[in-house]
Amino acid sequence: MENAGIGELSKSIVAWLPLALPLILLVMFVWVILRSESWHLLRRRTWQLVHGKGGITDPALQGYVEEQTNLAAFRVFVGVPVTTMADAHTLMEWCRVYSVSLETLRLCRQYFDVETRSIKAKKRYLTIKGNLWGICAMASLVVAALSFQLITLPYAGLILKDSGQHFLASDSQIRAVWPPFGAPTLTAKDCVKEQDAAALRLGFSPGDVALICKMLSGEEFRHYARKALFEQRIGLFLWGVFMLALMYFLATAARSCMCASKLLQRQIPSWLPAGQMTLNFDAR
C-alpha cells in the first residue's frame, strides 16, 4: 500500500504540471518587474512580439529604448536600484577601484545605499539579524525534511470523534501515535482475541478499542483510510515545498546580512579618487 500511495501522489503531481508551468512563467515575469522596478522589459518584449526586432527608426528614440533596456538589465542582474546609466557606470567604476564585485552588491540587497555607496545598517544589527535568519532557515529545512519523510509512512492520522482519541491507521491496522518508533499495533485478527489486553497495550479505553475493531472489519474503513492517507500526503508535500521556499528566502536574507557585514568591515570610502572622477568642463 505504501508504494501504491506514493505512486498515486506522483501521478497527481505530474497531472498538475501543465497548470504549474504557466504559473511559473507568470511568477518569473512578476519577479523581473519587481527586480527591475520597471515595466520596460515587458513592454519591449511585447513590442518585439508585434513589430519584430526592428520597428524603431528614429535614432534618438532607439537610443533611449536601448538605454532603458540596459538600465533594467543592470537592475535585474546586479540588483542595485540605480536611476540612470551614468550612476551605473559610476558605481561600476567605484567597484573596480576598490575591488568590490558587483555580485557582492547584489548579495547585500537593501542594505547597500547606492547614493552614498555605503552600508546603511550597523554591524551589530547585521550580525544579530543574520544569525536569526540563519537559525530560522535551518529550522525550515528540518521541518521540510520531516514533512517529506512523513510522506513515506503508510499511516494516516485519524481521531475518534466521540472520545477525541488520536491514532494512526492504514487499511489493515492501527497503531498508537506515541512512541513514534516501535508503537504497538492492532489488526483485525487481534480483535478476535481479548480486547482488554489490546486496550492496555495501546493505552486506549476499552470502548475505543471495541469501536476501532468494529471499523477494522469493514471495507468502508479501508477505503476511508486510503483516502485520508492520500490527502494527508498531498498536504505534507505542499507543506514541504512551502517550507523549502521559505528556507531559501530566509537563507538569502541571512547571506545578505553576512555580505553587508563583511563589506561594512572593510570601511571603504564612498568617493572615487580624483583621478577616477569624470568631470564635464563643457557644462554651462
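One is the number of the first residue; the rest follow in order along the sequence.
- Expressed to the nearest 0.5 Å, how far NZ of Lys129 lies from OG of Ser256 amounts to 9.5 Å.
- Residue Ser140 holds its OG atom at 8.5 Å from CZ of Phe242, rounded to the nearest 0.5 Å.
- Ring geometry for Phe112 versus Trp94: interplanar angle of 30 to 60°, hence tilted.
- Contact check for Phe237 versus Ile151: side-chain heavy atoms found under the 4.5 Å cut-off.
- What you find for His166 and Ile159 is that their closest heavy atoms are NE2-CD1, 3.3 Å.
- Taking the side chain as every heavy atom from C-beta outward, Thr127 and Cys257 never approach each other to under 4.5 Å.
- Here Ile268 contributes atom CD1 and Leu263 contributes atom CG; the two are 5.0 Å apart, rounded to the nearest 0.5 Å.
- Remark: Gln267 CD to Ser118 OG distance equals 12.5 Å, nearest 0.5 Å.
- A pairwise comparison of heavy atoms in Met243 and Val143 identifies CG-CG1, 3.8 Å as the closest pair.
- Summarising the local packing, CZ of Phe148 is surrounded by more than 12 heavy atoms from other residues, nucleotides or ligands at distances under 6.0 Å.
- For Arg175 and Tyr155, the positive end sits near the middle of the six-membered ring, less than 6.0 Å away and at most 45° from its axis.
- Residues Ala253 and Trp133 share a closest heavy-atom pair of CB-CD1, 3.5 Å.
- Note: Leu107 CG to Arg109 CZ = 9.5 Å, rounded to the nearest 0.5 Å.
- Proximity of Leu126 to Ile119: side-chain heavy atoms (C-beta onward) are separated by under 4.5 Å at one or more points.
- Here the side chains of Phe74 and Met92 are in contact, with some heavy-atom distance below 4.5 Å.
- Atom CZ of Arg222 has more than 12 neighbouring heavy atoms from other residues, nucleotides or ligands inside a 6.0 Å radius.
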